[in-house]
Structures are given as C-alpha cells and as structure tokens.
**Q** 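Pasting in a structure now, in structure tokens, and then I'll have a few things to ask.
We count ligands from 1, going down the list as the structure has it; atoms in each ligand are counted the same way.
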Amino acid sequence: MGNEKINKIIDLIKWGESFFKEKNIPEPRLNIELMLCNILNCKRINLYLDYDKPLNKEELTILRNFVKRRIQHEPLQYILGETEFLGLKLKVNSSVLIPRPETELLVEEIINISKKYNEHEINILDIGTGSGNIAISLAKFINNSKIYSIDINEDTLNLAKENAEANFVLDKIIFQKLDILQTEEFPFNTKFDFIVSNPPYISIDEYKLLEPELKYEPITALTDFNDGFSFFRKILDISKKILKKDGIVAFEISYNQAEIIKNMFLENDYYDIRVIKDYSNIERIIMGKLK
Ligand code: GLN
C-alpha cells in the first residue's frame with residue numbers, strides 16, 4: 001500500500017492478502033477483508049459488490065495502522081475491537097480474553113441441559129467473566145435465567161456490562177468484583193443450578209511457550225501462575241456450599257487435564273461426570289453433578 005495508487009477495495013484485498021501471506025499471518029485474505037468491513041462498516045459481500053470503490057485518505061490511514069498492528073501479531077479481534085460469540089456481537093479489548101469457539105460448546109451444553117429444567121428461575125454463576133461472553137449468551141438463550149458474573153478485574157467487568165447492555169440482557173446479570181482464589185464465602189444469597197467457568201488453566205511453564213498472538217491477551221486470563229489447576233481445585237471446593245443438590249459445575253479445560261479434573265470432581269462428591277470433545281477432538285469441556 002506504500003504505492004498511493006492502490007486505493008480500490010479489490011486492489012487492497014489483493015495487496016493485503018499477499019502482504020499478510022508474506023508475513024506469515026494465518027488466513028491472510030480473511031484478515032484484510034474483515035479490516036475493510038470494519039473500516040467501511042459493511043458486510044464481506046459488499047466488498048465484492050463495490051469492489052471498484054476507492055477508500056478515502058482517512059480510511060487508508062486507518063487501514064495502514066490496522067495492517068501494521070496485525071503484522072506484529074496483535075490479534076485481529078483487538079485491532080477491530082470486537083468479535084462474535086454464538087452470533088452475538090461483543091466488544092473486546094486487551095483487558096479481556098478473546099472469546100473462543102471452543103467456549104461456545106460449553107454454553108451450548110448448558111443451554112441444552114437447562115431445557116429439561118422446569119425451575120421458575122435458573123440461577124447460574126459464571127466465574128471469570130471476561131468480556132461477558134458466557135454470561136451474556138446464557139442470559140440471552142435461556143429465558144428464565146438469572147446470571148451472577150464475577151471477575152477479579154474492574155475494567156473487565158465494565159466491558160462485560162457494556163456488552164450485556166448492547167445485547168439487551170443487562171437486567172438479567174448481576175456483576176460483582178471478586179477474587180475467587182481469595183474467597184471463602186460467596187457474597188450471594190443464592191443456591192445455583194449451574195456454576196460455569198473457563199478459568200486461566202495454562203500452567204506457567206506452558207505459558208512461556210505460547211505463540212506470540214497469545215501474549216497480547218491478559219496473562220491473568222490465561223495462566224494461574226502455577227500448575228494450571230488452581231481454579232478447578234478452588235471452585236470445586238467452595239461450590240459445594242452454594243450449589244443445589246444435582247446442581248452442575250461445568251468447566252472448559254486444557255487438552256491434558258480431563259483425567260485429573262475428573263478425579264477432583266469425584267473426590268468432591270460429584271457424580272455423572274461427562275467430558276465433551278471439541279472440533280479438534282480434544283477433551284475440552286468437563287461437567288459433573290453434586291450429590
Ligand atoms: N469467560 C471468558 C471466556 O470464556 C473469560 C475467561 C478467562 O478470562 N479466562 O472467554
């Protein structure tokens with residue numbers, strides 16, 4: 001794009017694709033397309049309907065800045081400031097983990113199970129809410145749900161609230177700042193049907209080996225600075241006091257954690273432990289019911 005003559009959508013797509021390819025950015029064409037959609041506030045199809053349209057000076061400056069950030073491996077979602085989770089639009093920034101498709105499996109499973117409940121109100125606790133993806137989608141897709149969302153970080157909670165409002169579920173979610181690892185008593189007077197969490201489950205040793213993209217995300221959202229199991233241990237320990245009988249705890253987990261966490265569930269009086277695999281055939285979700 002150094003060449004000022006390149007300003008038409010189609011030429012920018014071609015240029016961006018080959019530049020990203022050269023810089024080893026995965027899905028090069030999709031990256032440049034999504035940047036253009038964001039700048040022009042249009043859908044991908046419109047890029048091809050209006051392929052001849054030139055970008056103005058201001059738009060080109062923004063694009064140049066996006067491209068510069070992306071080749072330094074900043075995730076596209078942070079650059080665009082948004083992502084999608086189960087079809088819901090969510091704002092993201094570097095104070096929150098970028099929601100992942102694997103986490104959609106966790107939410108879909110809870111939605112399916114909750115269909116069999118005839119409770120007047122289904123109470124769900126989401127631990128480590130981040131952008132609010134889990135809380136907001138559960139609030140949205142389970143009619144009679146009431147969600148309690150906790151997170152250690154104030155900025156994160158503010159973003160989650162903004163996302164809840166934009167998706168019209170702010171009145172169904174209670175947000176509370178809380179450090180779960182330092183908590184013995186929950187500040188809620190509720191017995192829960194579900195406790196869900198996608199906690200920081202990467203061990204500190206593995207964290208050091210991660211790809212450059214992942215280093216842009218908050219370290220506290222990825223690792224427990226320990227063996228990767230701190231949150232599972234803690235949550236299973238204190239959940240007993242606040243879960244209904246037959247209430248469910250459901251976690252997203254790492255590829256090598258299922259066996260150990262299954263035993264943690266059993267030691268803590270949970271039964272009916274189920275493990276669900278993700279799209280790459282990795283054991284990704286685990287859940288159990290309290291006796
Ligand atoms: N609940 C958020 C998610 O699933 C954030 C999780 C986290 O920060 N570890 O994406």
**Q** Can you confirm if the aromatic rings of Phe265 and Phe251 lie within a centre distance of less than 6.0 Å?
**A**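 Yes, they do, as the ring centres are separated by less than 6.0 Å.
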
**Q** Quick test of your reading: applying ring-ring contact (aromatic ring centres under 6.0 Å, His included), list the pairs with at least one residue in residues 200-231, sequence neighbours left out, ordered by first then second residue.
**A**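 Residue pairs with at least one partner in residues 200-231: there are none.
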
**Q** If you group Ile, Leu, Val, Met, Phe, Trp and Tyr whenever their side-chain heavy atoms sit less than 4.5 Å apart, what else falls in with Ile45?
**A**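 Members other than Ile45 - counting any ILVMFWY side chain reachable under 4.5 Å - are Leu49.
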
**Q** For atom OH of Tyr48, is the number of surrounding heavy atoms from other residues, nucleotides or ligands below 6.0 Å larger than 12?
**A**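 Count over threshold, so yes.
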
**Q** Using only heavy-atom distances, determine whether the side chains of Lys191 and Asn123 contain a donor-acceptor pair under 3.5 Å.
**A**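 Side chains of Lys191 and Asn123: no pair found under 3.5 Å.
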
**Q** What ring-ring contact (aromatic ring centres under 6.0 Å, His included) pairs are there with at least one residue in residues 271-291, not counting sequence neighbours?
**A**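 Residue pairs passing ring-ring contact (aromatic ring centres under 6.0 Å, His included), neighbours aside: none found.
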
**Q** Show me the short polar-atom pairs for ligand 1: any N or O of it lying under 3.5 Å from a protein N or O, with distances only.
**A**
from     : atom 1 : to     : atom 2 : distance (Å)
ligand 1 : 1 (N)  : Gly128 : O      : 2.9
ligand 1 : 1 (N)  : Thr129 : O      : 3.3
ligand 1 : 1 (N)  : Asn133 : OD1    : 3.4
ligand 1 : 4 (O)  : Asn133 : ND2    : 3.4
ligand 1 : 4 (O)  : Asn198 : ND2    : 2.8
ligand 1 : 9 (N)  : Asn198 : O      : 2.9
ligand 1 : 9 (N)  : Ala221 : O      : 3.0
ligand 1 : 10 (O) : Asn133 : ND2    : 3.0

